[in-house]
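Heads up: the structure comes next, in structure tokens.
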Amino acid sequence: MTNEEQQVRVWRIRNRRHGYEKDVPLEASWEVSLDPISDNFTPKEISAFDLLKQWIERVQHEYPNGLVPIYWSVRAAKHGVFEAMPFQCKLGGSPRNDFLTFFTYPEDPETGERLNWLSLPVVDKLWNSQCADKGGFIQQATGWKPSILQPFVYLPALTNFLD
């Protein structure tokens, strides 16, 4: 399956509480710890690179071992679906509820095949004049985004180009 086909693949989900079914394209969304620092700015106010430098200072203080947690969600943005990703590494204060708490296991509406969570496309996050995604400065400044369900990013590896 090509990357383009993967991005538009639709999955049938059923709400466990209300019973309604939806056919939705699902994708994996990520948040690196402390990346909501970008909520305080716009790309007109600060460049991705300058925001990255501010974030690094905060992260180095919070995570002196260099292992910065990544939190995962499953989303179908245009359909109001946004829940914690199942099967991710549970970190200290991670929520216990996840997508499978609220929805049935996603299945292909034509074949009944169950979703392989590792095959979900990972959202690109950007920080430029057209797009100001929360935390998008990291991908914009470094070219990096995590692999699906990656639990940490090692800060020295992410920022080695700054030396």
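Scanning both residues, Pro43 and Ser129, for their nearest heavy atoms gives CB-N, 4.4 Å. For the residue pair Glu83 and Asp98, the shortest heavy atom distance occurs at CB-C, 4.4 Å. Across Ala76 and Pro25, no two heavy atoms sit closer than the pair CB-O, 3.4 Å. The shortest heavy-atom contact between Asp35 and Phe137 is O-CE2, 3.5 Å. Contact between Pro86 and Val74 at its shortest, heavy atoms only, is CD-CG2, 4.0 Å.
Under the side chain to side chain donor-acceptor pair (under 3.5 Å) criterion, Gln139 pairs with Asp124, sequence neighbours left out. Under the ring pair (Phe, Tyr, Trp, His ring centres under 6.0 Å) criterion, Phe103 pairs with Phe99, not counting sequence neighbours.
When hydrophobic clusters are built by joining Ile, Leu, Val, Met, Phe, Trp and Tyr residues whose side-chain heavy atoms come closer than 4.5 Å, directly or via intermediates, Leu100 is grouped together with Trp72. Transitive grouping of hydrophobic side chains (ILVMFWY, heavy atoms separated by less than 4.5 Å) keeps Leu126 and Ile138 in distinct clusters. When hydrophobic clusters are built by joining Ile, Leu, Val, Met, Phe, Trp and Tyr residues whose side-chain heavy atoms come closer than 4.5 Å, directly or via intermediates, Val122 is grouped together with Phe87. Hydrophobic clustering (side-chain heavy atoms under 4.5 Å, transitive across Ile, Leu, Val, Met, Phe, Trp, Tyr) groups Ile37 together with Val68. Under the 4.5 Å side-chain contact rule for hydrophobic residues, Trp144 and Leu155 share a cluster.
Using a 4.0 Å cut-off between charged side-chain N and carboxylate O, Glu31 and Lys125 make no salt bridge.
Within the 4.5 Å cutoff, the side chain of Val32 has heavy atoms near those of the Val153 side chain.
The main-chain N or O of Ala157 is found under 3.5 Å from a side-chain atom of Asn160 such that the two form a donor-acceptor pair. The backbone N or O of Gly135 sits less than 3.5 Å from a side-chain atom of Ser38, completing a donor-acceptor pair. Judged by distance alone, the side chain of Ser29 and the main-chain N or O of Arg75 form no donor-acceptor pair under 3.5 Å. Checking side-chain atoms of Trp127 against main-chain N and O of Phe49 turns up no donor-acceptor pair under 3.5 Å. Of the possible polar contacts, one joining the Gln150 side chain to the Ser147 backbone as a donor-acceptor pair under 3.5 Å is found. With hydrogens and angles disregarded, a donor-acceptor distance shorter than 3.5 Å links the side chain of Gln88 to the backbone of Met85.
Atom OH of Tyr154 has 12 or fewer heavy atoms from other residues, nucleotides or ligands within 6.0 Å. With a 6.0 Å radius and a threshold of 12 heavy atoms from other residues, nucleotides or ligands, Glu45 has its CD atom above the threshold.
The distance from the CG atom of Leu120 to the CG atom of Leu115 is 4.5 Å, given to the nearest 0.5 Å. A distance of 5.0 Å separates CD of Gln140 from CG of Asn128, quoted to the nearest 0.5 Å. The CD atom of Gln54 sits 12.5 Å away from atom CG of Leu34, with the distance rounded to the nearest 0.5 Å. Atom CD1 of residue Ile148 and atom CG of residue Leu118 lie 6.5 Å apart, to the nearest 0.5 angstrom. How far CG of Leu149 is from CD1 of Ile70: 10.0 Å, rounded to the nearest 0.5 Å. Summarising the geometry, atom CZ belonging to Arg114 is positioned 11.0 Å from atom CH2 belonging to Trp11; distances are rounded to the nearest 0.5 Å.
Cation-pi contact between Lys145 and Trp30: absent, since separation from the ring centre below 6.0 Å together with deviation from the ring axis within 45° is not met.
For residues 16-25, the side chain to side chain donor-acceptor pair (under 3.5 Å) pairs, not counting sequence neighbours, are Arg12-Asp23, Asn15-Tyr20.
With 3.5 Å as the limit, one finds a donor-acceptor pair spanning the side chains of Tyr105 and Trp117.
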